[in-house]
Amino acid sequence: MVVTLPDDILHLLCEELASQAQFDALFSCACSSRALAVPALTNLYRFHHLAPVRGGGEDEGAALATKQLMVQKWSILWRSIIASSVGVTLFPYCRYIKTLDFRDLENLLDDDSFKGRVLKQFFSDPLSRFHRTVDTPVGPSGRKYVRLHNVAVLDAIGEVLTQHAPMLETVSGRLVSHALVRWAPRLPHLQNVELYDGGPLEDELVHAAIAQHCPQFNSLSIYMWVAEERDHKFATFIGTIRPQSLAMVETIRDIGASAETFLALNAHSRSLKDLRLCVSTDALEHLALLKGCTALESLRIEDTSGTTNLEKTQHDVFLEMIDWLRNCENLQRLSFTRLQSSAAIVAPLLLEDRVKLRKIEIDNYLPKDNQLFHQALVNQRSTLRFLSLSGDTEGMTRDDVDILVDTLRQLAELRVLKLLLVQEILHDDHLVVILSGHKSLEELYITGLEIGDRVLECTGNLPNLKSVAFSGISQFTTNALLDFVACLGPGNQGMRVMVDMADPDTLLTEEELGLVRESLWKKVEGTLEYTPYRDPNVSEFEGDSD
């Protein structure tokens with residue numbers, strides 16, 4: 001008697017494979033039996049946006065033949081989705097997808113390997129209807145050549161796909177306003193819009209279409225936006241969204257968001273959990289207008305110029321930001337990029353017992369002026385899992401270094417530690433002290449002065465480490481590297497080792513590197529990247545005048 005599993009169990013099994021990105025296993029399941037085909041294909045396409053073939057594999061170092069093969073697979077993925085929308089495939093793949101990423105499709109159309117036979121096959125019947133071209137003049141002669149009209153191609157494909165993909169939750173790419181107006185009534189499950197250009201948000205018809213037809217819309221990401229009165233236009237759009245519904249807002253570049261936008265976001269003070277803003281110098285003084293947004297769990301602020309010190313020039317704003325963040329009791333992830341005085345803003349927050357941070361990223365700060373910040377980090381040691389510090393160490397005293405080392409030593413629950421300190425001030429003794437108690441570390445990036453074998457030995461004893469980068473000048477010997485490999489265990493599977501600045505005076509030979517790489521691969525299927533600080537065959541003074 002043959003025992004068969006219920007369909008819901010098969011779907012759960014395939015969903016778990018998809019969550020682990022086991023695309024090969026899902027494909028094998030789809031080919032194995034009719035009973036498994038539907039659950040396997042459903043999850044294969046539901047998670048297609050995570051497939052390793054997207055972006056052509058994104059391995060710039062791959063051989064040309066490998067790259068071309070990957071682009072061919074990439075094109076087949078998109079062709080199968082699009083072909084299913086016109087009803088010529090065995091299964092309706094497009095009905096399974098939740099994410100429609102036109103950025104990836106446009107990257108495919110622009111890829112150097114997407115030409116000739118691959119392009120011809122892609123746009124062969126039944127996809128010939130989507131083949132749109134435009135004549136482009138070349139040079140002073142005015143001679144023209146024919147190229148793909150990407151905007152028209154994407155619009156035509158999107159027009160059909162959105163009619164046959166009822167489960168779509170995310171749409172992203174270089175979208176135009178009239179397309180969003182047409183597509184919105186077909187997307188009742190739409191939650192997330194990721195725009196390359198914020199221009200469509202200037203259209204009131206877009207406002208009305210999303211407000212009327214997309215009741216679950218809660219997330220917006222904008223890469224760029226060039227227009228007059230962008231702050232007002234952005235605030236106007238936010239004002240059309242149902243209050244207390246936006247959960248995530250992201251501006252990847254400076255799109256002019258300022259006082260009006262910040263005030264408008266307060267209408268989503270209880271729903272807004274994730275806020276990522278790239279702001280100009282003029283907008284910095286208005287950041288405290290976000291003080292109503294206290295439900296935040298993740299906050300990232302990037303200052304485009306990095307030239308304004310709020311503590312010294314806008315002290316009232318500095319204090320208001322501290323008060324705002326202190327009231328964000330659910331805050332878990334905090335990132336400041338090029339924001340001067342960021343460490344001073346964060347320090348009082350770290351001392352709040354109500355706040356339990358899991359991730360902190362601070363750059364462009366002066367460690368010598370932030371002893372309180374370093375000491376306060378210890379108060380978050382039970383919850384902190386990710387710490388990245390980047391700053392200029394000029395002027396640090398021995399006491400400053402000792403305080404930093406003692407703090408890092410105590411953050412024993414960290415999974416990720418990145419120390420990008422310039423100039424390097426950490427010696428081997430410091431690094432050994434820091435790392436000795438960090439048994440939970442999975443990713444490590446460190447700088448230091450002449451990093452030696454002792455640090456390598458200490459690193460090899462971290463049982464869960466998956467990736468380590470030595471960015472300071474390193475002087476590792478072959479025996480130490482082999483001993484490092486010998487210490488690795490099951491928790492280090494897939495280990496990636498990066499030696500970014502190997503000392504030219506102690507460089508390993510190609511034979512020695514080959515031995516270490518072979519040993520690393522055999523032990524944990526790991527890889528080694530080894531880069532000299534400078535080419536040993538080129539004089540340090542080459543190019544200098546007499």
Side-chain angles (χ1 to χ4, degrees), residues 231 251 254 257-259 261-263 265-266 275-294 296 298-329 331-355 357 359-380 384 386-397 399-404 407-408 418-423 425:
D231 183 34
T251 63
D254 175 22
S258 191
T261 298
F262 303 158
L263 283 172
L265 286 172
N266 282 279
L275 182 60
R276 312 170 199 175
L277 295 175
C278 181
V279 297
S280 66
T281 300
D282 294 338
L284 286 177
E285 62 183 277
H286 302 298
L287 281 173
L289 293 175
L290 290 161
K291 61 184 178 181
C293 300
T294 56
L296 289 174
S298 180
L299 175 65
R300 180 182 185 275
I301 295 177
E302 177 180 353
D303 177 7
T304 56
S305 64
T307 57
T308 301
N309 188 315
L310 289 176
E311 185 178 15
K312 295 180 179 179
T313 63
Q314 304 275 349
H315 195 69
D316 54 338
V317 177
F318 170 79
L319 295 177
E320 288 172 351
M321 284 194 65
I322 292 175
D323 287 340
W324 165 39
L325 294 179
R326 275 177 162 167
N327 289 320
C328 297
E329 296 183 12
L331 195 62
Q332 298 179 27
R333 298 175 297 278
L334 188 58
S335 174
F336 287 123
T337 301
R338 291 197 294 274
L339 181 66
Q340 289 195 28
S341 69
S342 56
I345 292 172
V346 176
L349 179 67
L350 299 175
L351 297 173
E352 291 286 342
D353 292 334
R354 299 172 300 170
V355 177
L357 292 173
K359 179 177 181 179
I360 299 174
E361 291 182 286
I362 301 290
D363 75 357
N364 199 34
Y365 87 113
L366 295 176
K368 73 178 181 66
D369 296 332
N370 288 281
Q371 286 189 357
L372 176 60
F373 167 69
H374 294 150
Q375 292 169 324
L377 281 168
V378 177
N379 199 50
Q380 300 291 322
L384 196 60
F386 185 113
L387 178 63
S388 177
L389 300 178
S390 176
D392 188 343
T393 63
E394 184 178 358
M396 287 187 75
T397 65
D399 286 345
D400 296 330
V401 175
D402 289 344
I403 289 173
L404 176 61
T407 291
L408 295 174
K418 298 183 179 182
L419 299 176
L420 298 86
L421 302 175
V422 181
Q423 306 288 327
I425 43 85

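Contacts classified as side-chain hydrogen bond (donor to acceptor under 3.5 Å, both in side chains) and involving residues 281-291 (residues at least two apart or in different chains) are given here: T281-S305.
Remark: K368 NZ to I425 CD1 distance equals 14.0 Å, nearest 0.5 Å. Rounding to the nearest 0.5 Å gives a distance of 7.0 Å between CG of L287 and CG of L310. Atom OG1 in T407 sits 10.0 Å away from atom CG in L387 (nearest 0.5 Å). The distance from the OG1 atom of T304 to the CG atom of L284 is 7.5 Å, given to the nearest 0.5 Å. Rounding to the nearest 0.5 Å gives a distance of 10.0 Å between CG of D402 and CD of Q371. Atoms CG and NZ, from D363 and K418 in turn, are 12.0 Å apart once rounded to the nearest 0.5 Å.
The six-membered or imidazole ring of F336 lies away from that of Y365, with a centre-to-centre distance of 6.0 Å or more.
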Take W324 and L319 through the side chain to side chain contact (heavy atoms under 4.5 Å, CB included) test and state the conclusion after the steps. CA-CA 9 Å; W324 165 39; L319 295 177; over 6 Å; no
Could you walk me through whether V346 and I362 pass the side chain to side chain contact (heavy atoms under 4.5 Å, CB included) check? CA-CA 9 Å; V346 176; I362 301 290; 3.9 Å; yes
Would you please test L408 and L377 for side chain to side chain contact (heavy atoms under 4.5 Å, CB included) and show each step? CA-CA 8 Å; L408 295 174; L377 281 168; 5.5 Å; no
Show your working on side chain to side chain donor-acceptor pair (under 3.5 Å) between D303 and Q340 and close with a plain yes or no. CA-CA 8 Å; D303 177 7; Q340 289 195 28; over 6 Å; no
If you apply the rule side chain to side chain contact (heavy atoms under 4.5 Å, CB included), what do you find for L420 with S388, and how did you get there? CA-CA 8 Å; L420 298 86; S388 177; 4.0 Å; yes
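Within 6.0 Å of atom CD in E394, 12 or fewer heavy atoms from other residues, nucleotides or ligands are found, so the atom counts as exposed in its surroundings.
Contact between F373 and A343 at its shortest, heavy atoms only, is CD1-O, 3.7 Å. Across all non-hydrogen atoms, the minimal contact from H374 to P367 is CE1-O, 3.6 Å. The heavy-atom pair separating D231 from T261 by the smallest distance is OD1-OG1, 2.6 Å. Of all non-hydrogen atoms in I345 and L339, the two that sit nearest each other are CD1-CD2, 4.5 Å. Between C328 and C293, the closest heavy-atom pair is SG-O, 3.7 Å. A pairwise comparison of heavy atoms in Q380 and L349 identifies NE2-O, 4.2 Å as the closest pair.
Remark: the backbone N or O of D400 is paired with a side-chain donor or acceptor of T397 at under 3.5 angstrom. For D254 (side chain) and V279 (main-chain N/O), no donor-acceptor pair under 3.5 Å exists by modelled atom type. A distance-only check finds a donor-acceptor pair linking the side chain of R354 to the backbone of R326 [under 3.5 Å]. The backbone N or O of L289 lies less than 3.5 Å from a partner atom in the side chain of N266, making a donor-acceptor pair.
Side-chain atoms of L290 and L275, non-hydrogen and from C-beta on, do get closer than 4.5 Å to each other. Annotation: side chain of N379 is in contact with side chain of D353 (closest heavy-atom distance under 4.5 Å). Residues T393 and V401 are not in side-chain contact: their nearest non-hydrogen atoms beyond the backbone lie 4.5 Å or more apart. Between F386 and E361, the closest side-chain pair of non-hydrogen atoms falls below 4.5 Å.
Tested against L350, the residues L384, L372, L357, L334 include a single side-chain contact (heavy atoms from CB on, under 4.5 Å) partner, L357.
With sequence neighbours excluded, the residues that form a salt bridge (charged side-chain N to carboxylate O under 4.0 Å, His left out) with R300 are E302.
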